[in-house]
Engineer: 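The structure's right below; bear with me while I get my questions together.
Every number for a ligand or one of its atoms is a count from 1 in the order of the listing. In this text, all values refer to a predicted model and were calculated from it rather than measured experimentally.
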Amino acid sequence: MSQDNEKRIAAESAASMVHDGMIVGLGTGSTAEFAIARLGEKVRGGLRIKGVPTSERTANRARNERIPLLDFSQVTRLDMALDGADEFDPALNLIKGGGGALFREKIVAAAADKLVIFADSSKQVEKLGRFPLPVEVNPFGWQVTLEKIKALCPEVTLRGGSDKPFVTDNHGYIIDCGFGQIDDPAELERQLKSIVGVVETGLFVGMAQFVCLGRGDKVEVLKPRA
Ligand code: 5RP
């Protein structure tokens with residue numbers, strides 16, 4: 001079964017957890033687009049939900065699907081956030097931000113009663129860190145912030161390069177950090193967040209309640225393991 005098919009069945013399984021009346025965070029990425037397409041079908045079939053997009057890209061997709069959207073300034077809590085991930089471990093700690101939307105994804109997830117992740121089987125790891133950890137920084141003085149991050153992680157890259165840095169919807173830059181195996185995600189998150197200039201990290205520690213994992217032609221619904 002192809003990776004795309006695993007993404008699709010995982011996303012559709014997560015979309016089936018969405019019920020009438022819910023306010024739903026809509027994640028970003030290729031897997032999230034399968035979920036948005038399924039939710040769009042359901043909305044056109046009568047499901048009444050409101051979506052809170054985590055990126056401009058997702059907002060455009062959702063509008064095309066005719067999913068009614070709320071601006072994040074209009075809500076203080078969501079019933080559920082649906083999103084993809086770049087990696088997840090057995091405790092369902094995540095690395096996110098491969099698509100550069102980590103700040104909005106995290107703020108939306110933090111406001112949701114439940115965070116449901118969908119992923120293909122390549123995203124499952126015993127320890128996080130094979131995927132370079134995206135860290136969003138403020139562009140002002142990014143070089144200083146990068147040097148401070150370097151003290152924790154020698155392998156750092158400004159996404160897009162210094163001539164034409166990738167700019168997030170949130171007007172930030174992304175520094176991709178090749179930590180290798182991350183033994184203590186919560187401690188690393190604490191250390192990174194203590195650096196002035198760091199806006200947010202792609203570590204989502206203890207936030208996800210479920211991962212809908214597409215493996216072959218089946219979906220496993222995983223809960224956090226200690
Ligand atoms: C975007 C993300 C995505 O959820 C993550 O990169 C996974 O993307 P995809 O579903 O395309 O594999 O965190 O910021």
Engineer: Using a strict 4.0 Å threshold on nitrogen-to-oxygen distance, state whether K127 and D89 make a salt bridge.
Structural biologist: no
Engineer: Purely on distance, is any nitrogen or oxygen of A101 under 3.5 Å from one on ligand 1?
Structural biologist: yes
Engineer: Report the nearest protein non-hydrogen atom to atom 9 (P) of ligand 1: residue, atom name, distance rounded to 0.1 Å.
Structural biologist: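 Nearest protein contact, heavy atoms only, for atom 9 (P) of ligand 1 is S30 OG, 3.3 Å.
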Engineer: What's the shortest distance from atom 12 (O) of ligand 1 to any protein heavy atom, and which residue and atom give it?
Structural biologist: K123 NZ, 2.8 Å
Engineer: Relative to ligand 1, is A85 under 4.0 angstrom through side chain, backbone, both or neither, heavy atoms considered?
Structural biologist: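 A85 to ligand 1: backbone contact only, side chain stays beyond 4.0 Å.
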Engineer: List ligand 1 atoms under 4.0 Å from G100, heavy atoms only on the residue side.
Structural biologist: 14 (O)
Engineer: Closest non-hydrogen protein atom to atom 3 (C) of ligand 1, residue and atom name please, with distance?
Structural biologist: T28 O, 3.2 Å
Engineer: Counting each atom of ligand 1 from 1 as listed, which ones have a heavy atom of G84 under 4.0 Å away?
Structural biologist: 4 (O)
Engineer: Number the atoms of ligand 1 from 1 as they appear, then name those within less than 4.0 Å of a heavy atom of G29, with their elements.
Structural biologist: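 Counting from 1, the qualifying ligand atoms are 11 (O).
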Engineer: We want to know whether N5 and Q3 form a side-chain donor-acceptor pair, criterion being a heavy-atom distance below 3.5 angstrom.
Structural biologist: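 N5 vs Q3: no donor-acceptor pair found between side chains.
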Engineer: Who pairs with N138 by side chain to side chain contact (heavy atoms under 4.5 Å, CB included), at least two apart in sequence or on another chain?
Structural biologist: F140, V199
Engineer: Assess whether a salt bridge exists between D86 and K96, defined as any Lys/Arg side-chain N lying under 4.0 Å from an Asp/Glu carboxylate O.
Structural biologist: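 The answer is no: the pair does not qualify as a salt bridge.
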Engineer: May I ask you to check if ligand 1 and G97 share an N or O to N or O distance below 3.5 Å?
Structural biologist: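 It does: an N or O of G97 is found under 3.5 Å from an N or O of ligand 1.
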Engineer: I need the nearest protein heavy-atom contact for atom 10 (O) of ligand 1: residue, atom name and distance, please.
Structural biologist: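 Checking every protein heavy atom, the shortest distance to atom 10 (O) of ligand 1 gives T31 OG1, 2.5 Å.
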Engineer: Measure the SG-NZ distance between C177 and K150 for me, rounded to the nearest 0.5 Å.
Structural biologist: 11.5 Å
Engineer: If you measure from the Lys or Arg side-chain nitrogens to the Asp or Glu carboxylate oxygens, is any gap between R215 and E6 under 4.0 Å?
Structural biologist: no
Engineer: To the nearest 0.5 Å, what is the distance between CG on L92 and CD1 on I117?
Structural biologist: 9.0 Å
Engineer: Should the proximity of D83 to ligand 1, defined as any heavy atom under 4.0 Å, be assigned to the side chain, the backbone, both, or neither?
Structural biologist: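 Answer for D83: side chain.
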Engineer: Of all the non-hydrogen atoms in the protein, which one sits nearest to atom 5 (C) of ligand 1, and at what distance?
Structural biologist: D86 OD1, 3.2 Å
Engineer: How would you list, by chain and number, every residue that makes a salt bridge (Lys or Arg N to Asp or Glu O under 4.0 Å) with E33, sequence neighbours excluded?
Structural biologist: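 For E33, the residues satisfying salt bridge (Lys or Arg N to Asp or Glu O under 4.0 Å) (neighbours in sequence not counted) are R57, R61.
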